[in-house]
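When reading the values below, keep in mind they use all heavy atoms of this one structure, side chains included, and skip hydrogens, waters and symmetry mates. Chain letters run A, B, ... following the sequence lines, proteins first, then strands; residues in each count from 1.
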Amino acid sequence: MFNFEESLKSGISHAEEEQQNRTEIDSVIEQLKSDIETFTSGKVSIKLENRTDIDQGDFITNALATVYGRKSRKYMAMVAFNQSPENSFDKELCEWKYGEKGYPVTIDYFNKSITCADKESLINTLQDLLSKPDAGKKIKFLIDRAQG
Amino acid sequence: MESSIEDDGNLLDSLSLAWWNTSLSPTGKVRKNKNNEENLIIAGQAITSMLIEKKIDFLGIGEVSPSDIEYFKSLLLGTPYDIIDCFEQVGRGQFSQAYIYNANNVRIFNQKILVFSELGRNYRAGHSLIIETKCGSLINVIVAHWPSKLQSYNDTVRNQLAKTIRSNIDNLSEDKVILMGDFNAEPFEESLSAYLLASRDKLKVRKKKELFYNPFWSKLGMSQCEGFCGSYFYKSGVSSNWHLFDQIIVSSIFLNDQGWSLLSEESLIGTEVILALVKNTNLHFDHLPVFTQLEKVNV
């Protein structure tokens with residue numbers, strides 16, 4: 001005799017855990033977004049969006065894809081962008097990958113891939129990302145562009 | 001650092017890979033011992049003879065410091081071998097590894113460190129490199145040195161490090177993947193067998209491309225020379241002084257005759273010279289190197 005009750009219970013429990021984790025992760029992203037907007041006087045904001053390698057316009061990546069017959073890769077990225085519609089520049093800050101239950105969140109930036117198992121690690125990693133010259137240059141570029 | 005491959009007209013029909021935890025500088029910083037220089041010179045001799053005798057194209061070395069690397073660079077001047085190091089700081093520790101490679105046969109053009117972060121602490125999962133062989137094949141080589149068994153919490157951490165590597169591999173378009181290093185875990189332990197999915201079963205791995213093949217499963221017993229039964233010598237071991245922590249593991253494609261194929265019989269542990277060094281209690285050495293070889297297959 002068998003039944004699927006335990007499987008269903010487990011599935012629902014995992015879905016609830018994922019929802020809870022996603023809410024927590026969203027709150028971190030919201031805080032980051034709010035801090036960037038305040039720091040840049042509303043000129044720059046951030047968002048997560050789905051991208052492909054081609055979107056990035058990376059010459060080397062595209063050339064390699066052509067030479068080795070590789071398909072373009074789809075991924076999620078955290079993107080910083082100008083707020084005003086007439087200045088639509090954006091810069092990719094990192095690649096972003098959710099885990100099966102929301103966590104772990106894997107963040108790829110500047111030759112690093114950090115897999116964050118919880119909120120504390122996620123915050124530390126985002127702080128590290130923003131403190132790097134690479135991220136600083138991108139944010140500065142967007143501020144300068146917004147100033148025209 | 002990026003290198004270029006000189007075309008000498010010869011085709012590359014095999015690729016020889018090796019890993020050695022040198023034990024020279026465990027934290028990536030020079031030890032505060034008197035006989036460091038002696039150990040460094042001996043390690044340099046062991047490495048150069050290994051490169052020549054085994055015709056190694058790519059050698060990962062662990063527990064080295066920047067000054068160790070400077071010394072090895074001086075030894076390799078005028079040879080086809082180049083060195084790339086990895087001393088990235090991660091949390092309170094740092095990577096302490098480097099790669100000696102034959103620049104006539106391979107080049108390294110992409111690198112990324114893989115880190116697992118939990119409760120605000122960061123752990124080194126591995127260093128991911130894309131290497132290109134002379135014939136244009138791209139291979140993702142991940143070199144790892146996982147935390148030791150001295151703290152029991154590290155058993156859980158190693159499982160997470162295996163998951164971190166798996167997740168990184170699943171995200172890549174490369175299907176040629178080689179994992180090498182000192183995993184501080186035997187082939188049968190959960191981190192390698194259940195989380196990394198490194199199997200002993202060649203036939204199963206051929207059919208399931210998500211599995212890895214770990215040729216070092218077959219090295220768990222006593223060596224033929226009865227001189228060792230593992231890659232790591234720990235003099236205070238309870239039931240065995242030897243553990244098989246150093247391994248080279250390959251993805252399924254290397255068993256399916258697609259471009260490059262694993263020569264299982266060339267997956268070996270140790271050299272006579274380094275075995276003698278490990279047995280000499282006056283020296284730092286406690287690991288044997290591990291080797292494997294890939295053969296070019298016409299498809």
Side-chain angles (χ1 to χ4, degrees), chain A residues 21 24-25 28 50-54 56 58-77 92 94-129 131-132 134, chain B residues 1-2 84 86-92 94-95 107-133 135-140 142 144 153 156-157 159-176 195 259:
Chain A
N21 287 342
E24 187 174 276
I25 295 162
V28 174
N50 291 313
R51 301 194 133 196
T52 61
D53 280 341
I54 303 298
Q56 232 189 328
D58 180 329
F59 174 76
I60 295 169
T61 308
N62 295 343
L64 278 171
T66 310
V67 172
Y68 296 107
R70 288 196 291 175
K71 291 171 193 162
S72 65
R73 188 175 58 90
K74 289 181 178 167
Y75 62 98
M76 184 178 274
E92 196 174 296
C94 63
E95 284 191 32
W96 185 282
K97 189 183 167 194
Y98 285 107
E100 203 182 342
K101 294 179 188 172
Y103 290 115
V105 175
T106 301
I107 298 178
D108 278 35
Y109 60 100
F110 200 60
N111 297 335
K112 279 184 186 177
S113 176
I114 318 280
T115 298
C116 308
D118 49 43
K119 185 179 177 181
E120 187 183 354
S121 299
L122 179 61
I123 292 169
N124 287 349
T125 302
L126 289 170
Q127 284 171 337
D128 179 65
L129 161 69
S131 71
K132 295 284 180 263
D134 186 59
Chain B
M1 185 172 115
E2 196 169 290
I84 285 183
C86 177
F87 294 114
E88 281 267 352
Q89 191 77 30
V90 174
R92 287 182 288 185
Q94 66 174 82
F95 279 88
R107 76 175 178 130
I108 297 171
F109 69 88
N110 203 349
Q111 305 178 48
K112 182 166 73 171
I113 60 164
L114 310 178
V115 175
F116 172 69
S117 183
E118 186 178 51
L119 300 172
R121 289 192 69 169
N122 292 332
Y123 303 90
R124 302 179 292 276
H127 189 206
S128 173
L129 312 157
I130 302 290
I131 67 166
E132 184 189 19
T133 66
C135 52
S137 303
L138 296 179
I139 300 174
N140 182 203
I142 298 177
Y153 178 67
T156 316
V157 169
N159 293 346
Q160 296 301 329
L161 298 181
K163 278 169 82 172
T164 300
I165 288 183
R166 266 235 74 99
S167 161
N168 189 270
I169 292 163
D170 295 342
N171 208 23
L172 282 172
S173 52
E174 294 310 325
D175 43 16
K176 297 185 194 74
Y195 286 90

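- Side-chain N or O atoms of A:T115 include none that pairs as donor or acceptor with a backbone N or O of B:F116 at under 3.5 Å.
- Between the OG1 atom in A:T125 and the CG atom in B:N122 there is a gap of 6.0 Å [rounded to 0.5 Å].
- Going from atom CG of A:N111 over to atom NE2 of B:H127 covers 7.5 Å, rounded to the nearest 0.5 Å.
- Of the inter-residue distances, the one linking A:S113 atom OG with B:I113 atom CD1 reads 9.0 Å to the nearest 0.5 angstrom.
- Rounded to the nearest 0.5 Å, atoms CG (A:D118) and OG (B:S117) are 7.0 Å apart.
- Nearest heavy-atom pair across A:K112 and B:E88 is CE-OE1, 4.2 Å.
- Taking the side chain to side chain contact (heavy atoms under 4.5 Å, CB included) definition, one finds that A:E100 meets it with nothing, sequence neighbours left out.
- For B:K163, the side chain to side chain contact (heavy atoms under 4.5 Å, CB included) test picks out B:Q160, B:Y195, with sequence neighbours left out.
- Residues A:T106 and B:S167 approach most closely at OG1-OG, 4.4 Å, considering heavy atoms.
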